[in-house]
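Note that the numbering runs from 1 along the sequence shown for the chain. Values in this document were obtained by computation on a predicted structure and should not be read as measured data.
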Amino acid sequence: MHKTEVAGSYTPESEIVSKIKAGEKDMFEILIRRHNGALYKVGRSFGFVHDDVQDLMQEAHIAAYLNLGKFESRAAYKTWLIRIMLNKCYHWTMEKAHKTKSAFSDVSHTGKVDFTEKNLSSDGHREVLNRELGRVLEGCIEQLAPEYRTVFVLRELEGLNVHETAEVMDITEANVKVRLNRAKSMLRKKLDD
């Protein structure tokens, strides 16, 4: 935790961004810590392995820092940062596609994300079932087409609203709703199978 944030207090991002722009560069660490989880989920939604996602996250944070002067606070910082991460992921996918037959084939399953929340009060059997369900759900999410997978991750796992998701992905709000419904429908079918 950054020295200017104490447990239980929350500094608004607009204030942090203003301070960074004014020269308090060490406060950027707060933004990194707040949004690493979101960026990681976005990278994994593209099917990238852990190490590649870590590299892309670092590139996104660096790009955000270098372009912070251009950030006008019209959108939330998180939305802006996720947009940068999506651009990095798209660019990396295109580069990879030129080098291989498919950017999404033979995806390694190292660095899996456990999407289930651990319930410490549950018994061991329930925890094992929850972890297994998390692995099955993650496998189903990885099988979704990228446009559906990304919308699902942003809306359901990251909690972005329809407007923010549309802005990040540069699609209409109606398209976000359609893609999310299709993603949920495909996930239900995969889970039923």
Side-chain angles (χ1 to χ4, degrees), residues 35-57 60 76 78-79 81-193:
H35 302 298
N36 267 343
L39 295 186
Y40 189 82
K41 289 175 190 170
V42 168
R44 291 291 289 153
S45 78
F46 276 78
F48 300 146
V49 295
H50 175 77
D51 290 339
D52 291 338
V53 173
Q54 293 288 316
D55 290 344
L56 289 164
M57 288 168 55
K78 179 180 182 177
T79 304
L81 181 62
I82 289 174
R83 180 73 179 157
I84 293 171
M85 181 66 171
L86 283 171
N87 287 334
K88 296 288 180 189
C89 291
Y90 290 138
H91 181 71
W92 195 86
T93 299
M94 296 311 287
E95 280 183 9
K96 194 83 166 165
H98 291 297
K99 295 177 186 175
T100 62
K101 290 180 183 175
S102 171
F104 296 104
S105 65
D106 299 321
V107 174
S108 169
H109 293 288
T110 60
K112 282 195 167 274
V113 179
D114 186 0
F115 290 115
T116 60
E117 291 185 25
K118 292 196 176 10
N119 182 351
L120 298 176
S121 65
S122 67
D123 63 353
H125 180 69
R126 185 174 189 88
E127 191 172 320
V128 168
L129 288 176
N130 281 342
R131 269 192 250 137
E132 183 59 29
L133 178 60
R135 281 192 281 277
V136 169
L137 181 58
E138 183 183 4
C140 291
I141 291 170
E142 286 178 1
Q143 293 174 25
L144 292 174
E147 63 271 16
Y148 300 116
R149 185 171 52 228
T150 303
V151 167
F152 182 83
V153 168
L154 293 176
R155 289 281 294 124
E156 298 299 320
L157 301 180
E158 267 318 297
L160 267 61
N161 64 36
V162 173
H163 177 75
E164 291 169 330
T165 305
E167 189 175 316
V168 164
M169 295 191 67
D170 198 25
I171 58 177
T172 66
E173 291 183 19
N175 205 334
V176 169
K177 292 175 185 177
V178 168
R179 288 184 188 188
L180 181 60
N181 286 334
R182 287 184 184 160
K184 287 179 177 179
S185 175
M186 288 185 265
L187 283 173
R188 272 189 223 103
K189 186 176 184 325
K190 289 179 186 302
L191 287 171
D192 285 346
D193 293 344

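Listed by chain and residue number, A174, N175 satisfy the side chain to side chain contact (heavy atoms under 4.5 Å, CB included) test with T172 (two or more places apart in sequence, or in another chain). Applying the side chain to side chain contact (heavy atoms under 4.5 Å, CB included) test to D55 and every residue at least two apart in sequence or in another chain returns nothing. With sequence neighbours left out, M186 forms a side chain to side chain contact (heavy atoms under 4.5 Å, CB included) with L144, Y148, R182. Residues passing the side chain to side chain contact (heavy atoms under 4.5 Å, CB included) test with N87 are R83, Y90, sequence neighbours excluded.
Taking both residues in full, the closest heavy atoms of V151 and I171 are given as CG2-CD1, 4.4 Å, listed atom of the first, atom of the second, then distance. Nearest approach of V53 to M85, heavy atoms of both residues: O-CE, 4.2 Å. When all heavy atoms are compared, the tightest approach of M169 to E147 is CE-O, 4.1 Å. Residues A60 and L39 approach most closely at CB-CD1, 4.3 Å, considering heavy atoms.
To the nearest 0.5 angstrom, C89 atom SG is 12.0 Å from I84 atom CD1. We find the CZ-CG distance between R44 and L56 to be 12.0 Å, quoted to the nearest 0.5 Å. Interatomic distance, N36 CG to Q54 CD, rounded to the nearest 0.5 Å: 7.5 Å. Here the OG1 atom belonging to T150 is positioned 12.0 Å from the CG atom belonging to L180, to the nearest 0.5 angstrom. Note that CE of M57 and CG of D52 are 12.5 Å apart. Values are rounded to the nearest 0.5 Å.
Taking the side chain as every heavy atom from C-beta outward, L86 and F46 approach each other to under 4.5 Å. Side-chain contact check for F48 versus W92: some heavy-atom pair is nearer than 4.5 Å.
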Show the atom names and distances, to 0.1 Å, of all donor-acceptor pairs under 3.5 Å that link a side chain in residues 152-161 to residues at least two apart or in another chain.
residue : atom : partner : partner atom : Å
R155    : NH1  : L160    : O            : 2.6
E156    : OE2  : K184    : NZ           : 3.3
E158    : OE1  : K78     : NZ           : 3.2
E158    : OE2  : K41     : NZ           : 3.2
N161    : OD1  : H163    : N            : 3.0
N161    : OD1  : E164    : N            : 2.7

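A donor-acceptor pair under 3.5 Å is absent between the side-chain atoms of S185 and the main chain of N181, judged by distance alone.
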